[in-house]
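A short worksheet on the structure shown next.
All values below come from the heavy atoms of this structure, side chains included, with hydrogens, waters and symmetry mates left out. Computed from a predicted model, the values in this text were never measured in an experiment.
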Amino acid sequence: MTLSSTPVVTLSSIPLAGEGRRRNTTVICAPVMAESVDQMLIQMGKARELGADLVEVRIDYLKNFSPSQHLDILVKQSPLPTLITCRPTWEGGRYDGDESTRQAALRRAMELGADYIDIELKVADEFFNSIQGKKPGKVKIIVSSHNYQNTPSSEEIGNLAARIQATGADIVKIATTALDITDSARIFQLLVHSQVPTIGIVMGDRGLMSRILCAKFGGFLTFGALEAGVVSAPGQPTIRELLDLYNFRHIGPDTKVHGVIGNPIGHSKSPHLYNAAFKSAGFNGIYLPLLVDSVANFLNTYSSPDFVGYSYTIPHKEAGLKCCDEIDPIAKAIGAVSCMIRKPSDGKLIGYNVDYLGAIGAIEEALGGLNGSSNGAISPLAGKLFVVIGAGGAGKALAYGGKEKGARVVVANRTYGYEDKAKELAGKVGGKAITLAELDDFHPEDGMILANTTSVGMKPKTDATPVSKNALSHYSLVFDAIYTPKWTRLLLEAQETGAKVVFGTEMFINQAFVQFERFTGLPAPKQLIRDTLAKNT
């Protein structure tokens, strides 16, 4: 499915919050869910402070609710326009009382001046019959459908939208559940082709992109929680995340989509780095965490020219390689990609491995400091004995990177059958293979470079180290790809022996510099990226 990026006109007269030039008119709506009216009013104030445009007043959460008394206060004292919702238990809400009483409360909210009310499709005809065409001109009626099991086919979603529109709805709302990240594409298709204001949300972690990219595809509104974990539906981001992390106001029809493909992905710091960098550079792009189960399905579904660049992390680096139309020679040799770019000229996907650039760049920078100069185009690694611990994906990347820079590579790996992996890798880079057991006594020369690419020393086993402190005295520089913790036992002991140390965060940072430039064609705002990572770790 190829997604168009043609927007639908949003028919909202809501005064929109926020500063600076906006690229969309999608409303940020904050669900207010409290058990008392006083608590709701406090939450409304917080929603306004955070930058929401609208509050959804979930009166089904109120205890001892009195429509005649409480609605007047909630509607008239709200600092933001109001959407009144009383969601019944049969549609995923909390109201389990009399249906006629519930609908009477919604009618009362309309009379009191609510800006929007939400009524479920199942009872929409009944509700419209009860108002007999009489409603204040200001109020807009949202007719909603919530599917907590899955996301139907495009045809079924289109038919559902037509049924909702036929009730007389001012605004169509369809919320489905993501079983796969590709489910959001069917909701984007609905938003693009809708002739009336439409809210399209795909719930759950795999549906997060629907809550952000609705601004690109013309969605009427998205929901933003007041705080993390306090959500009205699964997968809801916070208002702060929408505005500060994803630069929601700046997403428009032409915004280019990027992201990090992995599983799991919630821990990734990449969206913080790239979105801040895009904003700083004035680049019209968005970077998302992409919880992907099948790389091939994801790429086939989101094949439009606006889906332009991806970072790859565990466990999809090898799968990403198989989906490339063209592969950089280093990525091909390593057998994995860490970065993918869609060529604007023909849409072909090009795979790169910039893992080695990130790590090698950090090591070169540190060596340059030691040697005073990198002597033009000649790497300070050239001629050095470069010992790489580990022969997995990162080990391969470092070994190939070292070879590329003219280093003499030695690969050290575990015993118990892993020697063959080390020997195979060493053979490919014209180097030597040894076991970890041999590493402590391996010191053919002083001033060697050591790079640990294994998980030895990572949280929670922070007391572990891949090589003894005594052996470290023969190294001038020690790099550890681990960045949790930043100071591993290996690095602490290396520093104590007088070696220069390079943190795993430096690999991550340098990789980000390279990928930013590939994504945008612009020089990376290096200090901003460094500051952003420091602030978010």
Side-chain angles (χ1 to χ4, degrees), residues 260 262 267-270 273 311-318 330-331 334-339 352-367 381 384 386-405 407 409-414 418 421-422 425 429 431 436 439 448-467 471-472 475-495 499-515 529-530 533 537:
V260 54
H267 66 284
S268 177
K269 303 299 180 187
S270 295
L273 302 195
S311 311
Y312 277 82
T313 189
I314 295 169
H316 291 319
K317 294 188 176 190
E318 289 79 13
I330 291 285
I334 293 169
V337 296
S338 63
C339 177
Y352 301 92
N353 193 306
V354 296
D355 285 342
Y356 85 96
L357 290 174
I360 296 296
I363 291 168
E364 284 181 321
E365 194 173 331
L367 286 174
L381 265 173
K384 296 276 188 182
F386 185 42
V387 180
V388 178
I389 304 177
K396 286 180 181 178
L398 267 290
Y400 277 99
K403 179 196 176 189
E404 191 81 359
K405 298 294 184 175
V409 178
V410 174
V411 181
N413 210 19
R414 292 175 289 178
Y418 283 87
K421 202 172 178 184
L425 176 56
V429 297
L436 267 184
L439 188 58
M448 299 184 292
I449 311 298
L450 181 68
N452 175 42
T453 69
T454 72
S455 60
V456 178
M458 184 186 289
K459 281 184 179 179
K461 299 179 180 179
T462 54
D463 288 339
T465 183
V467 61
L472 294 176
Y475 295 90
S476 62
L477 182 145
V478 176
F479 164 78
D480 199 336
I482 294 169
Y483 58 90
T484 52
K486 181 177 181 180
W487 279 100
T488 58
R489 179 181 167 187
L490 174 66
L491 293 184
L492 285 168
E493 293 181 346
Q495 187 185 51
K500 185 89 173 174
V501 299
V502 178
F503 300 110
T505 48
E506 289 300 304
M507 170 178 166
F508 185 54
I509 282 282
N510 276 295
Q511 179 179 284
F513 297 160
V514 174
Q515 290 199 73
I529 291 175
R530 287 186 181 279
L533 181 63
T537 49

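Listed by first then second residue, pairs satisfying salt bridge (Lys or Arg N to Asp or Glu O under 4.0 Å) with a partner in residues 476-489 read Arg489-Glu493, not counting sequence neighbours.
Exactly one residue among Val502, Leu381, Val501, Leu450 makes a side-chain contact (heavy atoms from CB on, under 4.5 Å) with Leu477. That residue is Val502.
Annotation: side chain of Phe386 is in contact with side chain of Ile363 (closest heavy-atom distance under 4.5 Å). Side-chain contact between Leu439 and Pro466: absent, with no pair of heavy atoms (C-beta onward) separated by less than 4.5 Å. Two residues are said to be in side-chain contact when any heavy atoms from C-beta on lie closer than 4.5 Å; Gln495 and Trp487 meet this criterion. Looking at Asn452 and Phe479, their side chains never come closer than 4.5 Å, going by heavy atoms from C-beta outward.
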Under 3.5 Å, side-chain donor or acceptor atoms of residues 507-515 against the rest of the protein: list the pairs with distances, not counting sequence neighbours.
from	atom 1	to	atom 2	distance (Å)
Asn510	ND2	Glu506	O	2.9
Gln515	OE1	Ser311	OG	2.9

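The two atoms that bring Asn353 and Ala331 nearest to each other are N-CB, 3.6 Å, heavy atoms only. Residue Leu398 comes nearest to Tyr356 through the heavy atom pair N-CB, 4.4 Å, listed as atom of the first residue, atom of the second, then distance. The two residues Gly262 and Pro315 make their nearest non-hydrogen contact at C-CD, 4.4 Å. Nearest heavy atom pair, residue Ala397 against residue Asp355, reads CB-CB, 3.9 Å. What you find for Asn413 and Ala422 is that their closest heavy atoms are CB-CB, 3.6 Å. Shown here for Ala481 and Thr453, the closest heavy-atom pair between the two residues is CB-CA, 4.2 Å.
One finds the OG1 atom of Thr505 at 13.0 Å from the NZ atom of Lys269 (value rounded to the nearest 0.5 Å). With values rounded to the nearest 0.5 angstrom, Ile482 atom CD1 is found 6.0 Å from Thr454 atom OG1. Between the NZ atom in Lys384 and the CE atom in Met448 there is a gap of 11.0 Å [rounded to 0.5 Å]. For the atom pair Ser268 OG and Leu273 CG, the distance stands at 8.0 Å (nearest 0.5 Å).
With sequence neighbours excluded, no residue forms a side chain to side chain donor-acceptor pair (under 3.5 Å) with Lys396.
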Evaluation steps, side chain to side chain contact (heavy atoms under 4.5 Å, CB included), between Ile330 and Glu404: CA-CA 9 Å; Ile330 291 285; Glu404 191 81 359; 3.4 Å; yes
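Here the side chain of Thr488 pairs a donor or acceptor atom with the backbone of Leu491 at under 3.5 angstrom. Between the side chain of Ser338 and the backbone N or O of Val354, at least one donor-acceptor pair lies under 3.5 Å.
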